[in-house]
Structure formats: structure tokens, C-alpha cells
Amino acid sequence: MRWAIPAALVLATATLTAQAAPDIDTLLDRVSARIADYYKRAQSVVCIEKTTVQALASGFTPSGFARTTESELRVEPEVGDDDGSATNASFVRQVVKVNGKPPREKDKKDRAGCTDPNPLSAEPLAFLLPANREGYRFTTSGFGKGKDRGALVIEFTAANTEGEGKVVEDERGHEGCFNVSIPTPERGRIWVDAINYQVLRLERHLAGIGELRVSFALQRKHNLPNYMTIERHDTTIRYRPIAFTDPDEAMLLPESIETVVIWRNGMESTRRRQEYSEYRRFLTAGRIVK
């Protein structure tokens, strides 16, 4: 099969591919600068986050009904004392619907709300800021392939967290729900626009199987095993350009987050999808631009 390609397109692609990727330190500095700028600009943006959580049976087949929540979400950066630049950031959200209806009082404690998103959670790009890179190792693997050939690829690993894993009862008070932390190494990839150094996609996975010991008190109270094993924790985050008007501006903002968590025993495996829409920008008090 033969087809024609415009000469300008061939030249642009060849020029981009021929450019040498910057060294990893330079690349990280450019990426973190764009993230800090993103946090500053995103303070004036709110959106709707739709989260769908499906429990999984063996073979990754759905188990029971999915639960869907909708939240109003914004980014709240933490600013350093020295130069006023962002050192961290969080997602701040307020749930406005549960399965299509306004949340009820019992949703705050009911076990069905165990997977509902927390009001405050870490913004997923914050680990790329200089203050948060300790314990990570970054390398560059050049340009992407296929549809990603216009992106630079950063690979990273995170060492084991010191200490043993922990399982504690849910701090929000949901019956039969738990918060867990497992000291398992992670690995991942970041696709970065080769021209403006904005993050286009982020993937992170466990680099091995994680185990944690359950306290005897929790074993007795909730009939849990003495050890629990997590086999997978895969996350993919995609970003897309969002255009605003009055004044005209485009920002690269989250499009979706896909997370699959597979437990060998003790906990329920889940597939979670978060979708972001209805972006709005607050310019002045009482003025909203869609």
C-alpha cells in the first residue's frame, strides 16, 4: 500500500526525531517548572470528577454492581516559603452525587461508601517536583514510538518504603473498610511533550508482590488472615488540552485515571475509573468561564 505524505510533515517529524533528548536532570527541571506553573494556573479551575468503582472476582470479571460518585474538584497547591513556588499539591473534592442522587447521611458510614474518593488526596504529578524526588530514580529512554513519537519518555523506579506494611481501620468510619500501606517498590513511565515539556501520560505499577501482616486484634475483630498479599496496583493517567475563552487560554488537564488493584487474599480487588469534565475557570469573584 502506498500513500502520499505532505513534505512539511515529513520534515517536521524528521527534525523532531533528530533532536537529542536532554539529559535527565535538565529534562526533570523543565518538567517540574511546567508542573509548578500548572498548579498556579489550575487554582482557578474547577471540574466534575466522575468515579466508577467495580469490584472484581477471579479472572477480572465484574462482581456485583458498580458504584459511581460525582464530585466537584479543584487543585490546591502548597507554596514554599523561599520563592513562593509550589512544593506539593492536593486534589480537593466535594461529593455531590452518589449513584446519580445527592449523597445521604448514611453514605458517610455505610460500607458501600468504602471506595468513595477522599475529600483530600495527593495530586499525582507532585512527586516530580524537586522537593519530592527523594527515593526515586529517573532515567530517560528518548522519544516514544508510533503515536507517541512526539513525546519524550521518562522511566522511574521508587525504592521500598522502610518498615512493615500496615492495615488500619478506615479513618472515615466506614464499617468493614481499611486503609493499607505496603512497602513495595514501584516503577513507571512518563510521556512528556518534547516541545513544551507538559506531561501527557503517566503510568505506575508495583515492581513486585507486596505483603503485609495484620495485627491480631484486627484478625479477631474482622476475621482477616494474618498476612495479605497484593499482586497488582496499576494506574494510568491521561491528560488533554482544555480551551478557555475570555481570555483565550489552553491548559493541559486530567482526562482520566484508570486504576486496577488485585489482591490475592484478604481484600476486595477493584477497577476504578475517574473521568474529568465540565471544566470551568474562575477569573474574578462571581465570574465563571466555561
Side-chain angles (χ1 to χ4, degrees), residues 48-71 73 91 93-122 124 165-184 186-188 202-215 217-238 254-277:
I48 295 297
E49 176 191 61
K50 182 179 179 180
T51 302
T52 303
V53 180
Q54 175 65 64
L56 299 177
S58 58
F60 308 116
T61 57
S63 174
F65 295 101
R67 181 178 176 90
T68 301
T69 59
E70 294 181 33
S71 307
L73 179 138
F91 277 154
R93 55 175 64 82
Q94 179 180 358
V95 176
V96 294
K97 289 184 181 180
V98 176
N99 290 333
K101 299 179 181 179
R104 300 166 296 179
E105 187 64 29
K106 76 171 190 175
D107 290 321
K108 297 179 180 180
K109 302 293 182 182
D110 190 73
R111 186 183 185 282
C114 181
T115 58
D116 291 353
N118 285 315
L120 191 70
S121 63
K166 293 182 180 179
V167 53
V168 297
E169 292 180 304
D170 179 51
E171 59 186 15
R172 294 176 293 170
H174 291 101
E175 181 63 29
C177 297
F178 306 92
N179 296 325
V180 299
S181 59
I182 302 177
T184 302
E186 289 185 293
R187 58 181 174 81
L202 166 65
E203 293 182 359
R204 54 193 313 163
H205 317 273
L206 294 182
I209 291 177
E211 291 187 342
L212 72 161
R213 194 170 76 77
V214 183
S215 69
L218 288 181
Q219 292 179 47
R220 283 188 16 175
K221 184 176 180 180
H222 299 283
N223 194 30
L224 294 174
N226 58 345
Y227 276 91
M228 293 192 295
T229 302
I230 184 171
E231 296 183 340
R232 286 178 55 186
H233 193 301
D234 302 333
T235 300
T236 299
I237 307 173
R238 301 180 186 276
E255 177 182 27
S256 65
I257 302 178
E258 296 267 3
T259 305
V260 175
V261 181
I262 303 298
W263 288 88
R264 183 177 295 175
N265 66 325
M267 294 289 181
E268 187 175 62
S269 300
T270 57
R271 176 182 288 112
R272 176 188 298 263
R273 179 172 175 82
Q274 296 158 261
E275 299 172 291
Y276 301 89
S277 62

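From a predicted model like this one, the values you see are computed outputs, not experimental measurements.
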Review point. Within a strict 4.5 Å, meaning less than it, do heavy atoms of the Leu206 and Arg232 side chains meet?
Key: no

**Study point:** Heavy-atom side-chain contact between Glu49 and Ser71 under 4.5 Å
**Key:** yes

**Study point:** Under the side-chain contact (heavy atoms from CB on, under 4.5 Å) test, residues paired with Arg272 that sit two or more places apart
**Key:** Thr51, Val53, Thr115, Thr259, Gln274

Study note, to complete from the structure: Residues at least two apart in sequence or cross-chain that pass ring pair (Phe, Tyr, Trp, His ring centres under 6.0 Å) with Phe178, listed by chain then number, are His222

Point to revise | Note, Trp263 side chain near Glu268 side chain (heavy atom, < 4.5 Å) | key: no

Point to revise | Contacts of Glu70 that satisfy side-chain contact (heavy atoms from CB on, under 4.5 Å) - sequence neighbours left out | key: Ile48, Lys50, Val96, Lys97

**Study point:** Side chain to side chain, Leu73 and Tyr276, heavy atoms closer than 4.5 Å
**Key:** yes

Point to revise | Sequence neighbours excluded - side chain to side chain donor-acceptor pair (under 3.5 Å) pairs with any residue from residues 202-213 | key: Tyr136-Arg204, Glu186-Arg204, His205-Asp234

Exercise for review: Indicate yes or no for a side-chain donor-acceptor contact from Asp116 to the backbone of Arg67 under 3.5 Å, with no hydrogens or angles considered.
Suggested key: no

Check your understanding: Just wondering, do Met228 and Arg264 contact through their side chains at under 4.5 Å, heavy atoms?
Key -> no

Revision key, fill the gap. Sequence neighbours excluded, the answer for side-chain contact (heavy atoms from CB on, under 4.5 Å) partners of Asn226 is Gln219

Check your understanding: Side chains of Leu218 and Val167: closer than 4.5 Å at any heavy-atom pair?
Key -> yes

Check your understanding: Short question: side chain of Arg93, backbone of Asn118 - any donor-acceptor pair under 3.5 Å?
Key -> yes

Practice item. Check whether any side-chain N or O of Gln54 sits under 3.5 Å from a backbone N or O of Ser63 as a donor-acceptor pair, and report yes or no. Key: yes

Practice item. Mark yes or no for whether Asn99, through its side chain, and Thr68, through its backbone, hold a donor-acceptor pair below 3.5 Å. Key: yes

Point to revise | Qualifying residues under side-chain hydrogen bond (donor to acceptor under 3.5 Å, both in side chains), relative to Glu255, sequence neighbours excluded | key: none

Check your understanding: Does the pair Glu258 and Arg238 meet the rule for a salt bridge (Lys or Arg N to Asp or Glu O under 4.0 Å), with working shown?
Key -> CA-CA 9 Å; Glu258 296 267 3; Arg238 301 180 186 276; over 6 Å; no

